[in-house]
S.K.: 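Got a structure for you, questions after.
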Amino acid sequence: MPDDSLIAALEGVSRIYDGGRISALNSVTLHVRRNEFLVITGPSGSGKSTLLHLLCGLDRPTQGRVLFEGSEPRSSKEWTKLRAKRIGFVFQSFNLLPTLTALENIEVPMFGQVSLRSDRRGRAMELLSGMGLSDRAGQFPSELSGGERQRVAIARAMANNPDILLADEPTGNLDSRSSAEVMKLLFDIQSKSNSTLVIVTHDRDLAKGAERTINIVDGRISQPEAGEETAACTL
Ligand code: ADP
């Protein structure tokens, strides 16, 4: 019986690159609970981004199972659908489309999900204003500060009301003030919408306020979490 309290899980997952030369993740078991705020920390190169990419099907495991709501998506098409409707992703480098305005960038994920242009526009405006950026709607990414770009990227990730939001070093390219603002926004989103938030960061200070923090070292979870299967972790 699938456990309804879990939204996503890695079970005994390993990811090997370069024909076995690089072991990015090694037998990791991680259960992400619905509505939790989880922070994954660890040094650079320890496997954090690999773990996040596996959780949303942007990468596939060499070994083990990746589950979304208790079942294993079997194809890239299935993962693409999940990412379109259920999973939001925020990248360190923002990944905004440079030729579109802030507002248009947020509208992009709604094509195919929200049929009326006026509805897409209304939702995008609502999200922008929630990020404190209503006056920046018509600006192109190059005209925005790093912190503003990241807030637009968060709004875009939220466009289709995802059940889970994954953020990979969301403050990695920001100064300390913008980092604090972006983290506060992410915390607020999680607490207000009650969605699941998973943030990867090498900055342990950013983990403050998280409900649960796990640490990855050399591709393994360095401490077992209560309820995790310790057999799959190295201690
Ligand atoms: P982190 O996010 O903690 O910095 P990563 O998950 O990006 O770590 O990387 C973990 C290890 O896997 C590193 O040694 C990295 O160089 C390697 N790696 C990640 N992606 C690839 C790839 N596509 N091809 C080869 N090696 C990779």
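Numbers here are sequence positions counted from 1. First listed ligand is number 1; within each ligand, the first listed atom is number 1.
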S.K.: Is it true that atom NE2 of His53 has more than 12 heavy atoms of other residues, nucleotides or ligands lying nearer than 6.0 Å?
M.R.: yes

S.K.: Are more than 12 heavy atoms, taken from residues, nucleotides or ligands other than Arg60, located less than 6.0 Å from that residue's CZ atom?
M.R.: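 Atom CZ in Arg60 is packed in, count exceeds 12.
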
S.K.: Using salt bridge (charged side-chain N to carboxylate O under 4.0 Å, His left out) as the criterion, list what pairs up with Arg83, not counting sequence neighbours.
M.R.: none

S.K.: Contact residues of ligand 1 with a heavy-atom cut-off of under 4.0 Å?
M.R.: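 Contacts of ligand 1 under 4.0 Å: Tyr17, Ile22, Ala24, Pro43, Ser44, Gly45, Ser46, Gly47, Lys48, Ser49, Thr50.
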
S.K.: Give the cluster check for Leu67 versus Leu30: same hydrophobic cluster or not, with ILVMFWY residues linked at side-chain heavy-atom distances below 4.5 Å.
M.R.: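 Not linked; separate clusters.
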
S.K.: In the hydrophobic clustering that connects Ile, Leu, Val, Met, Phe, Trp and Tyr at side-chain heavy-atom distances below 4.5 Å, which members other than Tyr17 occupy its cluster, ordered by chain and number?
M.R.: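 Cluster partners of Tyr17: Ile22.
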
S.K.: For Ile16, which fellow cluster members are found when Ile, Leu, Val, Met, Phe, Trp and Tyr are connected by side-chain heavy-atom distances below 4.5 angstrom, either directly or through intermediates?
M.R.: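 None, because no other hydrophobic side chain comes under 4.5 Å of this residue.
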
